[in-house]
Structure formats: structure tokens, C-alpha cells
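Shown next, in C-alpha cells, is the structure this report addresses.
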Amino acid sequence: MLKALSLLLLVGTTRGEFTVLERRDSPPSGFSRVGPSPSDTVLNLRLAALTQNNISGLHDTVYEVSTPGNSRYSQYLSKEKVEAFVAPSKETLNGVNAWLKTNNLTSSPITAAGDWIAVSLTVSQANALLAAGFSTFQNTESNQTVHRTLSYSIPAALRTGINMTKLSTVTNRSSPTTSISSDCPDNWTPTCIQALYGVPSTPATPAANAFGVCGFNNEFADEKDLTAFLETYRPDIASNTTFSLISIDDGINNQLPSGAEENPTIGLQYALGLATGIPVAFISTGTGSTDSIDVFTAFLDEPNYLLSLAQPPQTVVQTFDSVGFKFESSFTPQLAESICHLLYAQLAARGVSYIVNGGDFGACNPFSSTGCRAWDVAIGGHLWGRLFQHFYDKVVSEYLNAIDATDASPFNISRRAVPDISALAHSPLIFQGQTVSGQSGTVFSATIFASMIALLNNERIAAGKSSLGFLNPLIYQNPGAFNDFATGWDPVTGFGSPSYAKLREICQKI
Ligand SMILES: *[C@@H]1O[C@H](CO)[C@@H](O)[C@H](O)[C@H]1NC(C)=O
Ligand SMILES: *[C@@H]1O[C@H](CO)[C@@H](O)[C@H](O)[C@H]1NC(C)=O
Ligand SMILES: *[C@@H]1O[C@H](CO)[C@@H](O)[C@H](O)[C@H]1NC(C)=O
Ligand SMILES: *[C@@H]1O[C@H](CO)[C@@H](O)[C@H](O)[C@H]1NC(C)=O
Ligand SMILES: *[C@@H]1O[C@H](CO)[C@@H](O)[C@H](O)[C@H]1NC(C)=O
Ligand SMILES: *[C@@H]1O[C@H](CO)[C@@H](O)[C@H](O)[C@H]1NC(C)=O
Ligand SMILES: *[C@@H]1O[C@H](CO)[C@@H](O)[C@H](O)[C@H]1NC(C)=O
């Protein structure tokens, strides 16, 4: 089941045979086909017209500016310079527009660089344009319906390839190395995490620095719960410390009593509870369409919004639970690739440290990799393919040697290694509905690590240096900054859990 909203059309001309761009034989589990979509239903397609821009130049630049020791390290690019890499050529745009015009359609750019365009059209127009058969599919659990096609085609001459990239993930588990209260193991609080990973509790020196916590699907956190959390677990800071709101696609934060959700609750309570003194923005991305279970649009619009800013937040944590993903188990490799390879790569070139959770049941986040079988179809490709593969090749082969295997489940050795590192996922105490509860998940891990990076970015900026940007080159150069269970990298904990003191020492040197 493929999502037209996110078609990736890499186009250059309008002539030639049609070629099937994506196809699957049946809908993913959890969905059943109800019938053809009504022909006058309006779809909003998002197209990436990418031919002949300089993606390899962008990726080379990301590698250089993100690798400690490189002469260009931390010399991030301006918005305009990054856009120049991804802007489509005139020929490409002319080709797309001519193709749309023969179908009586027009497009409008949705990014400053013009590499993503939007086309509004009816189901019957989309079926003709893409040789597709849009149908209504129903989710068997929620009864929600979506309009999707099991295959679509574009003129053969318009097709090119694209690769996928990958950013940091964190997952379950940690290795306590510091003396911590005996209450902590079942009841983690900010104080426990500060002791466990050496996170400072003194407020950060104010610097021009911000920390974004992403929310999707109109999920938000209750502000009264945040206040109660800070009063209880951070009595040393002002309990009215709160977050600012950035709303994308009408993402809400309406504070209705019934609406607060666990993900942003963990994310915001621990971001504010750990990144002491750092301004936190809650980046709430709505569904952006009438399609109520659409998560694709949000995954495009959220990084595109950050890229539109003259100065995006230097640290961003994107957490999403596998429950949300269940609705979109058709997240295609092409879409994940385009988001990672284009949008996250641009954020990396701008110096943003973008941290993604791995998912609680393995690497369910489409931007992490293997592990979650349901996502095998959706993922594919080489994450950070050509560019960063050597990091992963080296650590994976060391791991395989250590365990004397050539093909180690649970991960696919021809793909990128996940996770990079790990952090505690178990039983953080949070306030929900004014009562304390404990919730586990990699949302917690990702928030802990991102809060540490937000503090480290702040220290660097306060010292007149640049933010840390894309973190993997630094992580893979410095496995010693992580407390590992075993020697080297492994597919459960990556390099292990972060030590603030060790990371800080590295950050002061580079
Ligand atoms: C692509 O970018 C690289 C790195 O900035 C540059 O060296 C190269 O000349 C660019 N190529 C084109 C075709 O613009
Ligand atoms: C486009 O519009 C013209 C004029 O209304 C019409 O003749 C033609 O059939 C349309 N083409 C398509 C593909 O809908
Ligand atoms: C879905 O529809 C079925 C049949 O009408 C109904 O029994 C069930 O309660 C609905 N489920 C939800 C979550 O609305
Ligand atoms: C994608 O990667 C493959 C090999 O990893 C390479 O041959 C191909 O040129 C890449 N495509 C793009 C668009 O970068
Ligand atoms: C994650 O942590 C929980 C609680 O400690 C544990 O039950 C579970 O087995 C862990 N999962 C992995 C993959 O380590
Ligand atoms: C927090 O409370 C203090 C006084 O207790 C006040 O001075 C400050 O302005 C408040 N800050 C916010 C953001 O409301
Ligand atoms: C492993 O990943 C490669 C590259 O994405 C893919 O071609 C292959 O089918 C995968 N193998 C399994 C067993 O999933």
C-alpha cells in the first residue's frame, strides 16, 4: 500500500514509457481494501523533483563538517548554501511541469529550495497521471480509512535512484557506573539520571541555543503536569519553567484535560528536567491533511520547517512510538530515503544534532533500521549508504568476529548498524493527570541523550564554538565516551551509554 502524498518522483522529461516506481501485491497487515476511492476525492501529492541537484556534494559536505579532525569540522552552511545543493535544475522543473501540464495540473513549491512541490488533484486525475488504482483501505483496529494505491508508475525517462541515510538512534538498557540511589532502578527521576550519566544540574550558561522536542499526530503534554513534575523532581529550579510552542500543520497544544499523551509528556518533562537552563521548544506537527492517520506529511513538513529557519534549534529529538507507526506500515523505502538523504542531510549541514529513538520493539522507527520485521519492506537500502557505511562496516565486523558469526540476527548485516548508542529506557517517573506514573520506552532514552547533547551544544556555543551537528562521526571516533557492557559495538546497546564527563572532554578539544 503506497502513499501518494509522498510520491518520490525524480523527473527530467515527459517522454517515454511508464515504469512502475513502487508496487506491492497486497496491503500491509492491519489494513484491508474496502473498494476504489471515490473519483472526486482530492489528494494532495508531494513530489520530490530531484534530478541533477548536487546531493553528493551535500553529503560530502556533511561528512566534512561533521567529522572531528577534518579541516572543515563544524563549519556549517547557511540556509541559502544548503538550498543550492538540493535545488532542482531548470530542466528538471520544466520536465515536471510539462508532464503535469499535459494532465492539466499545476504545482506549487513547498520548500524554499523548490525541491519539494505539491500538486492537488482528484483520485481520477491521480489514477491517470500515475497509472495507479487508488483505493480506500481500512485499518482493522481503528476503522480509520485512507486512500492509497498498491502501485504507481511514472514516465520511465523520469526515474532516477536515491539512497537512504540514517541518524543516531538510542535504545533500551544502560550500564550504571555511578553511585545512584537504591530507589532509582524502578523509579528513575532527573536526579537519578544526573547521577547515572553525570549530567550537570547547575543551569547552563545562557547561549544562543535551543532544544526542540518533536510531537506528532497532535499529541501534546499537559503544562500543569510539567509544573508538578518540576516541583517534585527539580525543586532546585523554577517550577514555572516551561516550553515554547512551534506549531506546524496546525499541530495542537490545546491543554484539554483528556488530550495529553505519554510521548510528549516523557519528552518535555525530561527535556526540561535534564537540560537545565536550555530553552525548550515543543515542535508540534499536526496531520497536515484530512487524512487522519497520515504520518508521512508530518515527517516531511517538520524537517522542512526547521530548514526554513535562519537558525534552527541546534538539538532536536524526534520520538515516535511504534503504535503510531502501525498505522503507516507502508512507509516506503523511497520515502524514508528521501527524508533521510535529503532533509536530515540538510539539517546536518546546518549543524543540527537530530536524535531519533529506535523504537521499543526493535528499530521500529523507519529512520532507524533493521530489527522490526514489520518494517523490513519499508526500510531497505543502505542507511547513510555510501557516506558513512565504513563506520558501520568496521564495528559490525568486529562484533561478528567477537561472536564468531557471519550473519547475526537480529540485524541484517548488509544494512547499517543500529543502534549507535543506548540509554536508559526503563521506568522514568512522570506526571500524567497530576499523578505519578512510570512509563518505559526509547522515547526516554532519546530524550536523555538529546538533553545531554543540548547541554554540550550550549557549552560549546557559550565558548564561541559551533554546535556538534551530526553526531555519528564523533560517536564512532570516540567509543570510549560510552560505558559499554561488552567490548566494542553490539546490536543491542551500540557503543553503550553516554558519559557526560567524557563527552564534555571531547567537546572541549574539538
Ligand atoms: C557539488 O558540490 C561539491 C561540493 O561542494 C562541489 O565540489 C561540486 O563542484 C558540485 N558539483 C556541481 C555539479 O555543482
Ligand atoms: C485537459 O484539458 C483540455 C481542455 O479542457 C481537455 O481537452 C483535455 O482532455 C484535458 N486533458 C486531460 C489529460 O485531462
Ligand atoms: C470498528 O467497526 C466495527 C464494526 O462496525 C465495530 O464493532 C468496532 O467497535 C469498531 N472499532 C472502533 C475502534 O471504532
Ligand atoms: C545510491 O547508492 C548506490 C550504491 O550504494 C549508487 O550506485 C547510486 O549511484 C546511488 N544513487 C544516488 C542517487 O546517489
Ligand atoms: C528493555 O528493558 C526492559 C526492562 O528492563 C526489559 O524487560 C527488556 O527485556 C529490555 N529489552 C531489550 C531489547 O533489552
Ligand atoms: C516564574 O515565577 C517567577 C516568580 O516566582 C517570576 O518572576 C517569573 O517571571 C516566572 N516565569 C515565567 C516564565 O512565568
Ligand atoms: C538485507 O538488506 C539488504 C539491503 O537492504 C536486502 O537486499 C536484503 O534482502 C536484506 N536481507 C534480509 C534477510 O532481509
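As the structure lists them, so they are numbered: ligands from 1, and atoms in each ligand from 1. Note that the structure is a prediction, hence the values are computed from the model and not measured. Atom set for the values below is all heavy atoms of this structure, side chains included, hydrogens, waters and symmetry mates excluded.
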Can you check whether a protein heavy atom sits less than 4.0 angstrom from [atom]?
atom                    : value
atom 9 (O) of ligand 6  : no
atom 1 (C) of ligand 6  : yes
atom 4 (C) of ligand 3  : no
atom 14 (O) of ligand 6 : yes

Do [X] and [Y] have side-chain atoms, one donor and one acceptor, less than 3.5 Å apart?
X      : Y      : result
Gln314 : Tyr76  : no
Gln434 : Asp222 : no
Thr315 : Asn457 : yes
Asn97  : Ser107 : yes
Thr241 : Arg234 : no

Just to confirm my output: which protein heavy-atom neighbour is closest to [atom], and how far is it?
atom                    : answer
atom 11 (N) of ligand 3 : Asn143 ND2, 2.8 Å
atom 12 (C) of ligand 1 : Asn54 ND2, 3.2 Å
atom 6 (C) of ligand 6  : Asn240 ND2, 4.1 Å

Counting from 1, what ligand 1 atoms have a heavy atom of Phe85 closer than 4.0 Å?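 Reading through ligand 1 atom by atom, the close ones are 2 (O), 5 (O).
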
Using a strict cut-off of 4.0 Å, indicate which atoms of ligand 1 neighbour a heavy atom of Gly57.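 Heavy-atom distances to Gly57 below 4.0 Å select 1 (C), 2 (O), 3 (C), 4 (C).
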
Within the distance-only criterion (no hydrogens, no angle test), does the side chain of Gln255 pair as donor or acceptor with the backbone N or O of Ala221 below 3.5 angstrom? yes

Can you confirm whether more than 12 heavy atoms, excluding those of Lys465, are under 6.0 Å from its NZ atom?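 Yes, enclosed.
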
